[in-house]
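Notes for the one structure printed next.
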Amino acid sequence: MGAALLRKEVAKIGLSDSFGARHLAPAPEGPAAHWRAFTAALDAVEIAEADEPRTGQGANAAFLRVQTLIDGHID
């Protein structure tokens with residue numbers, strides 16, 4: 001459901017399944033196939049308990065960077 005909502009929003013700025021937002025296109029395997037593969041890959045990575053806080057900080061920094069880039073391009 002998240003990708004479907006994002007597809008509608010990115011269409012407003014000219015992105016589509018064939019231009020700039022291919023990763024949001026529905027999978028031939030059905031809904032959420034990409035998400036299940038992504039979360040399985042994340043689950044397969046072993047992170048030492050001592051590194052978990054740093055991992056979360058890195059994820060937050062990545063999301064903040066993307067949000068900053070988006071904010072700079074949307075009126």
Side-chain angles (χ1 to χ4, degrees):
M1 186 165 117
L5 295 174
L6 289 174
R7 284 175 74 220
K8 289 180 184 178
E9 291 301 311
V10 300
K12 295 176 184 176
I13 59 171
L15 302 179
S16 68
D17 294 350
S18 59
F19 178 75
R22 180 178 21 195
H23 61 290
L24 298 175
E29 301 86 12
H34 289 129
W35 182 251
R36 285 190 298 275
F38 175 71
T39 57
L42 287 179
D43 290 343
V45 175
E46 293 194 26
I47 299 172
E49 189 173 333
D51 292 331
E52 286 185 17
R54 200 173 73 187
T55 303
Q57 292 166 351
N60 287 335
F63 281 110
L64 180 60
R65 175 67 177 146
V66 170
Q67 186 64 58
T68 301
L69 293 171
I70 290 169
D71 290 344
H73 286 87
I74 297 177
D75 296 327

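Excluded from the calculations below are hydrogen atoms, water molecules and symmetry mates; all remaining heavy atoms, backbone and side chain alike, are included.
- Leu15 CG to Arg22 CZ: the interatomic distance, rounded to the nearest 0.5 Å, is 12.0 Å.
- Using a 4.5 Å cut-off between side-chain heavy atoms of Ile, Leu, Val, Met, Phe, Trp and Tyr, Ile47 falls into a hydrophobic cluster with Val45.
- Taking each heavy atom of Gly20 and His23 in turn, the nearest pair found is O-CE1, 3.9 Å.
- Residues forming a side-chain hydrogen bond (donor to acceptor under 3.5 Å, both in side chains) with Asp17 (at least two apart in sequence, or on another chain): Arg7.
- Residue Phe38 holds its CZ atom at 10.0 Å from CG of Asp43, rounded to the nearest 0.5 Å.
- Cluster annotation: Ile13 is connected to Leu6 through the hydrophobic network of ILVMFWY side chains, with a link wherever side-chain heavy atoms come within less than 4.5 Å.
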Next item on the list: Quick one: do Asn60 and Leu64 satisfy side-chain contact (heavy atoms from CB on, under 4.5 Å)? Show the steps, please.
Entry: CA-CA 6 Å; Asn60 287 335; Leu64 180 60; over 6 Å; no
